[in-house]
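The sequence lines fix the lettering, A, B, ..., with proteins before strands; numbering per chain opens at 1.
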2 protein chains.
Amino acid sequence: MTDQGIELAVSTVIFALRPHPTTGETTLWLPLVRRIRQPHEGRWALPGGPLLPDEDLAASARHTLERTTGLSSSYLEQLYSFGAVDRSPQRVVSIVYWALVRSDEVAGAVDGENVQWCVADEIPELAFDHDGIVQYALNRLRAKITYSPIARFFLSPEFTLAELRAVHEAVLVKRIDPANFRRQALATKTLVPTGSQLTGTSHRPPALYRFQVTSSDRNPR
Amino acid sequence: MTDQGIELAVSTVIFALRPHPTTGETTLWLPLVRRIRQPHEGRWALPGGPLLPDEDLAASARHTLERTTGLSSSYLEQLYSFGAVDRSPQRVVSIVYWALVRSDEVAGAVDGENVQWCVADEIPELAFDHDGIVQYALNRLRAKITYSPIARFFLSPEFTLAELRAVHEAVLVKRIDPANFRRQALATKTLVPTGSQLTGTSHRPPALYRFQVTSSDRNPR
DNA sequence: ACAAAAGTGTTAATTTTACACCCATGA
DNA sequence: TCATGGGTGTAAAATTAACACTTTTGT
C-alpha cells in the first residue's frame, strides 16, 4: 500500500543476426550500452531504463529498443524479473525482456556513441548481473527456436526454406540436414507457399513461403 | 533514478494435491484469500503482498506462502510479472511465483477465516486478472511436469513409482501406462532405489526410490 | 557440361505406445 | 486361491536421422 521506494527498471536483450567479423558466418549479435553514471560507470550493460508510470512493461522494453538501436522488434517476450536485495545502494527490481530484430532492419543500423553491437557468444564482462542475464536469454532463445516457429522473426515476411534453416543454424551454431529440416518445417502446417520463387540465384530457384498468422502471435508470453 | 511511485507486489500460485470432494480422485488444489479492502473487496484472489525493501523476490513469495497457509513450499519458481497500466487507480506491478507443497504437509492444513482451498480447475471468478494468472500457472505446471522431474516436490523424499505416477496422473488429469512410465522414469537416471520396500499393501510390496540431489535444485529459474 | 543448391526418396536407428504376462503379497 | 498392483517382455507404430539421388537453374 505504502510506497516502498524500490526502483523499477526494464531492460531488454536484443538479438539480431549479422555476419561474424572474422569468420563471416551468420551469427547472433546484441547491442550493449555504456553506462554513463555510477554504479558500474564505464561498463557495458543491457539497454534499459526506469519504468515510466504510464508505460506498460512491454511498451517500456519496446521504447528502450527503439531509443538505443533505432530499430523495432519483430518479437518481444518477457524473460525474467530480477530483484536481489544486494544489487546496489538503491534497490532496483529489473524486469527483463528479450527481443528479435529482423536482419533486413538491422543491416542499416550503426553503432552510436555509447552503443555497441557484440557477438552474443563473445560478450565482455558486463555491469551488474547482466552477464548471467544474457546467458539466460541465449538459453531461452536456443531452447525456444527448437519447438516454436520464432525463427521467422529474423526474416522478412517472405523467405525460402534455406533462409529459415540458416537462421536455425546461426542460432544453434550447428549444421542442420536440409532435407530433414524441410520436412519438419512443412509438417508443422504453419508454412504457406506464396507460389512465387526467388530468382537470381546461380542454381535452381527456391520456392518462397510465408508464415500463417495465428492469434497467439499477439500474446506470445 | 527518481522514485516512480509504482507499487511492487509479489503473489504466489500455490499448488497441492488432495482428494477431490466429489469424485475422491487426487486433484490439484490451490489456496485463495478473500480481499478485505478495495479494490475488488470481498473477491477471492491469489495470496500475496507488497514487496518489502529488504526482501528478495523469492523470499517474499515464501513468506506469503507461510503466512496464508502455514505451510512451506518444496518448490518455488518465478512465473511472470504483470504490470499493465490499467490494473487499478494506484499502479501495481505484480511479480508472480508458483509453488508446490508436499501432500503430507498439506494434509494437516485447515482453511482460515479468509483463506479457502479450491480445486484448480474449478476456480471462482477472481479479483484483478488473477483468473488468467492461475490458468497460466496451470499451463506451466502441466508443461513442466512432462519434461522435468518436479513431480517429486509433491511427495516425501522416499516414494514408490506408483506414487510418482499418481502425481503425474493427477496433474495432467489422464491415465498413464504404468509399465512405460516406470521405464521412462528410470531412464532419466535421477531415480535411486533406497533398497527398502513399502510394506502393508495388499499386494506385492513396491520398491522405494529417492531423487538424486542435483546442483540445479538450488537455482531452478 | 558443370557446379550448386532445391527438392524427393529410402532406409536404419531410436523413441513411443500398447498390451500380454509373470511375480509377490494380503486377505 | 484369488484379487491387486508390482514389475518384465515384446512387438507395432511413430518419429528422427542419415544420406543417395534427381531436378532446375546460372555460368
Side-chain angles (χ1 to χ4, degrees), chain A residues 19 24-26 142-149 151-152 155-156 158-211, chain B residues 19 24-26 103 142-143 145-149 151-152 155-156 158-211:
Chain A
E25 297 267 312
T26 303
R142 288 179 170 144
K144 188 146 190 172
I145 205 174
T146 62
Y147 66 84
S148 163
R152 70 177 194 269
L155 300 172
S156 346
E158 294 197 5
F159 51 86
T160 69
L161 284 175
E163 288 168 338
L164 188 66
R165 176 167 49 85
V167 171
H168 279 81
E169 293 183 332
V171 169
L172 299 173
V173 199
K174 74 166 189 188
R175 301 264 127 239
I176 298 172
D177 182 291
N180 294 332
F181 179 84
R182 149 184 300 273
R183 268 183 296 253
Q184 274 181 245
L186 294 177
T188 65
K189 300 291 180 193
T190 57
L191 238 32
V192 183
T194 66
S196 50
Q197 303 183 313
L198 181 68
T199 56
T201 62
S202 78
H203 56 270
R204 177 172 172 175
L208 286 168
Y209 293 83
R210 62 170 64 249
F211 264 97
Chain B
E25 297 267 312
T26 304
S103 299
R142 289 179 170 143
I145 205 174
T146 62
Y147 66 84
S148 164
R152 71 177 195 269
L155 300 172
S156 344
E158 295 198 4
F159 51 85
T160 69
L161 284 175
E163 289 167 339
L164 188 65
R165 175 166 50 84
V167 172
H168 279 82
E169 294 184 332
V171 169
L172 299 173
V173 199
K174 73 166 189 189
R175 302 264 126 238
I176 298 172
D177 183 292
N180 294 331
F181 179 83
R182 148 183 301 272
R183 268 183 295 253
Q184 274 181 247
L186 294 177
T188 64
K189 300 291 180 192
T190 57
L191 239 29
V192 183
T194 66
S196 50
Q197 302 182 316
L198 182 67
T199 55
T201 61
S202 79
H203 56 268
R204 178 172 172 176
L208 287 168
Y209 293 83
R210 61 170 65 250
F211 264 97

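Phosphate proximity of dG6(D) to Arg165(B): present, with a side-chain N or O under 4.0 Å from OP1 or OP2.
Within the nucleic acid shown, Thr160(A) has no heavy atom closer than 4.0 Å to any nucleic acid atom. Across all strands, Thr199(B) comes closer than 4.0 Å to no nucleic acid atom at all (heavy-atom distances).
The nearest whole Å value for the distance from the CZ atom in Arg182(A) to the P atom in dT15(D) is 20 Å. One can place CG of Leu198(A) at 10 Å from P of dA6(C), the figure rounded to the nearest angstrom. One atom, NE2 of His203(B), and another, P of dC2(D), lie 20 Å apart when rounded to the nearest Å. Taking atom OH of residue Tyr147(A) and atom P of nucleotide dT16(D), one finds them 16 Å apart after rounding to whole Å. Distance CZ (Phe159(A)) to P (dA6(C)): 14 Å, rounded to an integer number of Å. At whole-Å resolution of the value, CG in Asp177(B) and C1' in dT8(D) are 12 Å apart. To the nearest angstrom, C1' of dA24(C) lies 6 Å from CZ of Arg204(B). Look at CD1 on Ile176(B): it is 12 Å from P on dA18(C), rounded to the nearest Å.
For the pair Gln184(B) (side chain) and Phe181(B) (backbone), a donor-acceptor distance under 3.5 Å is absent. Formation of a donor-acceptor pair under 3.5 Å by the Ser148(B) side chain with backbone atoms of Ile145(B) is not found in this model. Using modelled atom types, no side-chain atom of Thr160(A) and backbone atom of Ala207(A) make a donor-acceptor pair closer than 3.5 Å.
Mapped onto DNA chain D by nearest heavy atom, Asn180(A) and Ser202(A) fall at different nucleotides, with Asn180(A) at the one closer to the 5' end.
Considering NE2 of His168(B) and CZ of Arg175(B), their distance stands at 14.0 Å, rounded to 0.5 Å.
Taking only distance into account, the side chain of Arg183(B) meets the base of dG9(D) through a donor-acceptor pair shorter than 3.5 Å.
Distances were taken from every side-chain heavy atom of Ala179(A) (C-beta onward) to each of dA5(C), dC19(D), dA18(C); the shortest belongs to dC19(D).
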Criterion side-chain contact (heavy atoms from CB on, under 4.5 Å) on Leu191(B) and Phe211(B), from CA distance to verdict: CA-CA 5 Å; Leu191(B) 239 29; Phe211(B) 264 97; 3.3 Å; yes
